[in-house]
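Residue indices begin at 1 and follow the sequence shown. A quick note: this is a predicted structure, and the numbers were derived from the prediction, not measured.
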Amino acid sequence: MTGLTTANDPVPTLRLDRARRPDGSFDPAFTDALRDALHRIGFLRLHGFGVAPGQVAELMAAAGAFFDLPPEQRLALDNRESPHFRGYTRLGHEITAGRPDAREQIDFGPELPARPRAEWDEPYQLLEGPNRWPDDTVPQLRERAHDWADLMSRVATELTRALAAGLGLPEDHFDPLFTGEPHWFGKVIRYVGPPAGETLTPDAQGVGPHADWGFLTLLLQDPEGPAAGLQARPPGSDWVDVPPHGDSLVINVGEMLEVATDGYLVATPHRVLACGPGTTRQSVGFFWSPRLDARLDPVPLPADLAAQAPGVHETAQNALLPRFGDNALKGWLRSHPEVAIRHHPELVRTARGSVDAESVQ
Ligand SMILES: O=C(O)CCC(=O)C(=O)O
Ligand SMILES: [Fe+2]
């Protein structure tokens with residue numbers, strides 16, 4: 001099962017347990033299919049990545065138990081109290097493409113002590129700090145989420161090496177970007193439709209069209225959840241559905257990888273449709289990202305691939321910043337204006353195309 005697609009489903013499927021040959025070297029059939037999928041579509045589905053039996057169901061159950069708590073218990077983790085953008089965002093308080101998203105979530109990352117402001121060399125160091133977990137109410141969520149992040153870090157490391165090999169580079173080419181403290185982050189998400197019996201407003205969005213600003217995204221959609229939701233818009237294509245397939249992951253290219261490959265790999269725009277009345281959908285995103293101080297300099301691509309690299313796609317609203325910490329800060333300030341204005345008012349105006357300070361109370 002290497003790089004299979006059908007006309008109705010352009011998103012290829014790969015198995016990570018077929019990536020290497022018995023002698024430990026990467027199998028070009030895998031690395032070519034990986035590179036090709038992330039070049040043409042920017043998305044793929046991954047099976048065979050070492051998930052333990054029951055791991056997905058237990059993670060989803062813990063997430064569901066949290067989201068079913070009364071609002072005041074969820075708000076005990078309010079991310080507006082975290083200068084590091086960690087914790088719980090209420091329904092409708094994250095902004096994508098300028099509009100509120102019909103989802104709630106817990107954002108988490110590497111568990112590190114906060115750095116005092118006086119010690120910052122760069123503003124992006126505010127992104128380091130403690131997570132906020134519901135240890136009093138759903139204590140199992142912290143462990144399940146961090147176990148998931150550990151597995152995803154291993155999968156992402158292997159995918160990153162396979163991708164380097166597929167690009168004609170030594171497999172450890174990208175390793176230096178991630179040594180030390182790679183600044184991955186995770187997102188435990190629930191999309192919430194309007195109450196049963198009401199209708200969706202025409203402009204409702206689960207999450208609006210966007211590209212991810214990390215290196216690679218590894219997304220888990222609840223296999224028991226609704227089939228419709230995630231959609232991607234590959235180059236030259238209309239929106240296509242990317243439904244869940246069992247315990248598989250959806251892998252997509254982040255802006256940092258588009259920057260490093262001068263657009264040969266594409267950070268494909270995607271969105272999630274709003275849930276219908278009386279329904280919900282859960283997912284867990286894992287955003288594999290370099291150290292905050294890592295610079296994504298262009299990689300030396302073989303001539304045939306370089307000839308297919310159109311450059312990065314920047315817009316007036318979205319600059320792609322080659323130092324990862326700068327790109328990450330841009331994303332957080334834009335998505336969470338309430339946190340930005342409460343804790344970092346001096347930074348809000350410096351993030352290109354991000355936050356309209358006047359519109360937020
Ligand atoms: O929940 C999903 O299916 C996708 C979420 C997403 O694209 C994101 O959080 O960046
Ligand atoms: Fe995304």
Side-chain angles (χ1 to χ4, degrees), residues 1-14 28-46 96-99 159-160 162-164 166-168 203 205-219 221 227-245 248-274 283 285 287-288 296 298-299 301-322 327 331 353:
M1 175 154 70
T2 300
L4 286 181
T5 58
T6 65
N8 293 335
D9 182 3
V11 176
T13 296
L14 275 74
F30 180 88
T31 56
D32 287 354
L34 176 67
R35 184 200 63 230
D36 183 61
L38 297 185
H39 167 60
R40 287 187 306 105
I41 314 288
F43 268 71
L44 60 88
R45 263 195 209 88
L46 193 71
T96 305
R99 299 220 313 267
L159 279 176
T160 301
L163 199 50
L167 292 170
D203 60 352
Q205 60 183 23
V207 60
H210 67 282
D212 296 338
W213 35 261
F215 191 85
L216 270 179
T217 300
L218 289 70
L219 175 78
Q221 309 187 70
L230 178 62
Q231 295 188 321
R233 196 177 57 206
S237 160
D238 205 346
W239 290 103
V240 296
D241 290 318
V242 189
H245 276 198
S248 68
L249 298 175
V250 173
I251 311 294
N252 63 281
V253 173
E255 289 176 349
M256 291 290 94
L257 196 43
E258 178 168 321
V259 167
T261 58
D262 200 29
Y264 175 77
L265 301 178
V266 287
T268 295
H270 52 284
R271 67 183 181 189
V272 176
L273 303 178
S283 64
F287 303 86
W288 179 236
L296 277 287
V299 299
L301 290 175
D304 57 327
L305 304 187
Q308 301 171 61
V312 297
H313 299 87
E314 284 188 295
T315 64
Q317 292 78 35
N318 189 37
L320 302 197
L321 308 173
N327 211 44

query: Do D212 and H270 have side chains that get closer than 4.5 Å, going by heavy atoms?
result: yes
message: With heavy-atom distances below 4.5 Å as the criterion, would you say the side chains of L38 and L216 are in contact?
response: yes
- request: Please examine the side chains of L219 and L230, heavy atoms only from C-beta on, and report whether any two atoms are closer than 4.5 Å.
  value: yes
query: Does the Q205 side chain pair with the main chain of T96, one donor and one acceptor, at a distance under 3.5 Å?
result: yes
query: So which heavy atom on A309 is nearest to which on L301, and how close?
result: CB-CD1, 4.3 Å
- prompt: What are the two closest non-hydrogen atoms of V11 and I41, and how far apart are they?
  reply: CG2-CG2, 4.5 Å
Closest approach of R35 to L163 (non-hydrogen atoms, all atoms of both residues): CA-CD1, 4.2 Å
query: Is it true that a side-chain atom of N252 and a backbone atom of G42 form a donor plus acceptor pair closer than 3.5 Å?
result: no
task: Hey, could you give me the CG/CG distance between D36 and L14, rounded to the nearest 0.5 Å?
output: 10.0 Å
task: For A227 and P244, work out which heavy atoms get closest and say how close.
output: O-CD, 3.5 Å
- request: Report yes if some heavy atom in the side chain of L167 is under 4.5 Å from a heavy atom in the side chain of Y264; otherwise report no.
  value: yes
field: Distance-minimising heavy-atom pair for L305 and G166
entry: CD1-O, 4.3 Å
- prompt: Rounded to the nearest 0.5 Å, how far apart are CZ of R233 and CG of D238?
  reply: 8.0 Å
field: E255 side, atom CD; N327 side, atom CG - distance, nearest 0.5 Å
entry: 5.0 Å
query: Does any non-hydrogen side-chain atom of V253 lie less than 4.5 Å from one of T268?
result: no
statement: Residues passing the ring pair (Phe, Tyr, Trp, His ring centres under 6.0 Å) test with W213, sequence neighbours excluded, are F185, W332
message: If we ignore hydrogens and angles and just use 3.5 Å, is the side chain of Q221 paired with the main-chain N or O of V242 as donor and acceptor?
response: yes
field: Minimum heavy-atom distance between A267 and A211, given as atom pair plus value
entry: O-CB, 3.6 Å
message: Taking the side chain as everything from C-beta on, heavy atoms only, tell me whether E258 gets closer than 4.5 Å to L265.
response: no
- line: d(L296 CG, T261 OG1) to nearest 0.5 Å is 9.5 Å
query: So do L46 and L159 actually touch side chain to side chain, heavy atoms under 4.5 Å?
result: yes
